[in-house]
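Note that ligands are numbered from 1 as they come in the structure, with each ligand's atoms numbered from 1 the same way.
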Amino acid sequence: MLGQDKEIIMAVETSCDETAVAILAEGKDLLTNIVSSQIKVHQQYGGVVPEIASRKHLEQVNGLISLALKEAKLNFSQLSALAVTYGPGLVGALLVGVSTVKALAYSLKLPLLAVNHIEGHIYANWLTHKHIEFPLIGLIVSGGHTALVEMRGHGEYVLLGQTQDDAVGEAYDKVARAMGLSYPGGPLLDRLAQEGNPEAVKLPRAWLGENSYDFSFSGLKTAVLNYLNRASQKGEKVIQADLAASFQASVVEVLVEKTVRAAKQKGILSVLMAGGVSANSSLREEMQKRCGQEGLKLYYPPLEFCTDNAAMIACAAHYRYLKGEFANWSLNAVPQLRLY
Ligand code: KG4
Ligand code: ZN
């Protein structure tokens, strides 16, 4: 039985299209991790519809909080703090989580922890890897963000580069859509690419200058769209697996080389990946290969913690809890919240 003196954090995540609740004890024991995905509802529109997302979160959130307590065999009085994602994300969706958790924390007289969603993705790594060495280079690759950061300690970020246009997950989803795959296209394209030839279609790599740590994926996306249009005009059949593999090779090569170059140039020995696209099979494989060649230690989360979940929010909240960094009652949703 868990005692009152144990640190037990419940976290709620509603920034996009997953309603998620998790309970984490002592920053390491995940007592429950519930993710209720709305993907099926949004699939028919080809992407997330913000208004529907908010409504679905509202329908789900209270029931999931009760279910989480039931699964963890706890009651509210045994919790030490409540955590919530307050940005970045869809404003209406974020507001559901923020208002629910604020109301609960106020009525239960529990401390409130406000978590940045991107920081949550980064901290998904600490759910399973307890001894990650600082400083480290972090590659953040999600549906809304693509960035390379240097992390010097818990909660300390220095931005090295970021995307100038599309986020990498967004590029995956847009290319997948153009190829007739359903939403979200990233995992489907990944699977398709495994059967294709990555050298079949010549596609550009956006290096953006010798020393740049920035990224750009819109040129690559346009090149794929042009390839599809030309094939359709000429009545030629596109080998989907080859196109997927060629697109993926271009994305992965740039992500891996810039990350490894940043680590080498800064003399940093640890590399960490975070966000939905870190679930990508080729990115994991190639990054592992290159880090191995360069003597770098690589961390990435298990698949279940790569995409949106509340366990990662609870884990990030744990480190804020240790530092006593609590939010106050003026906490609000911040759709464009920045981390670095
Ligand atoms: O981190 P995430 O769950 O949500 C955001 O915070 O954006 O990332 C979702 C993104 C989607 O664009 C999805 O297509 C992509 O991650 N994704 C993948 C894979 N799994 C998810 N992209 C490429 N390969 C995958 N295996
Ligand atoms: Zn996310």
Decide, yes or no, whether a salt bridge links [X] with [Y] under the criterion of side-chain N to carboxylate O below 4.0 Å.
{"X": "E119", "Y": "R320", "value": "yes"}
{"X": "E170", "Y": "K174", "value": "yes"}
{"X": "E294", "Y": "K264", "value": "yes"}
{"X": "R205", "Y": "E257", "value": "no"}

Can you tell me if H117 has an N, O or S atom under 2.8 Å away from the Zn ion (ligand 2)?
yes
Any idea which atoms of ligand 1 are less than 4.0 Å away from a heavy-atom of G144?
7 (O)
What atoms in ligand 1 come closer than 4.0 Å to a heavy atom of G169?
12 (O)
Any donor-acceptor pair under 3.5 Å linking the side-chain atoms of S216 with those of D165?
yes
Do E13 and T85 pair up side chain to side chain, a donor and an acceptor below 3.5 Å, judged on atom types alone?
yes
For [atom], which protein heavy atom lies nearest, and how many Å away is it?
{"atom": "atom 22 (N) of ligand 1", "value": "G186 CA, 3.4 Å"}
{"atom": "atom 15 (C) of ligand 1", "value": "V277 CG2, 3.9 Å"}
{"atom": "atom 17 (N) of ligand 1", "value": "G276 O, 3.7 Å"}
{"atom": "atom 23 (C) of ligand 1", "value": "N280 ND2, 3.5 Å"}
{"atom": "atom 10 (C) of ligand 1", "value": "G143 N, 3.6 Å"}

Y299 six-ring face occupied by K297 cation (under 6.0 Å, within 45°)
yes
Identify, by name, the N, O or S atom of D308 lying closest to the Zn ion (ligand 2).
OD1
Just give me the atom name: the N, O or S atom of H121 closest to the Zn ion (ligand 2).
NE2
The residue among Q60, H57, E59 that forms side chain to side chain donor-acceptor pair (under 3.5 Å) with T19 is H57
Over 12 non-hydrogen atoms of neighbours within 6.0 angstrom of CD1 in I239:
no
Heavy-atom contact under 4.0 Å between C16 and ligand 1?
no
Backbone, side chain, both or neither: what part of [X] comes under 4.0 angstrom of ligand 1, heavy atoms only?
{"X": "D190", "value": "side chain"}
{"X": "H117", "value": "side chain"}
{"X": "H145", "value": "neither"}
{"X": "D173", "value": "side chain"}

Looking at every heavy atom in both A68 and I23, which two are closest together, and how far apart are they?
O-CD1, 3.7 Å
Shortest non-hydrogen contact from Y123 toward G155
OH-N, 3.2 Å
Going by distance only, is there an N or O of H121 that falls short of 3.5 Å from an N or O of ligand 1?
yes
From atom 4 (O) of ligand 1, work out which of D308, I118, V252 has a heavy atom at the shortest distance.
D308
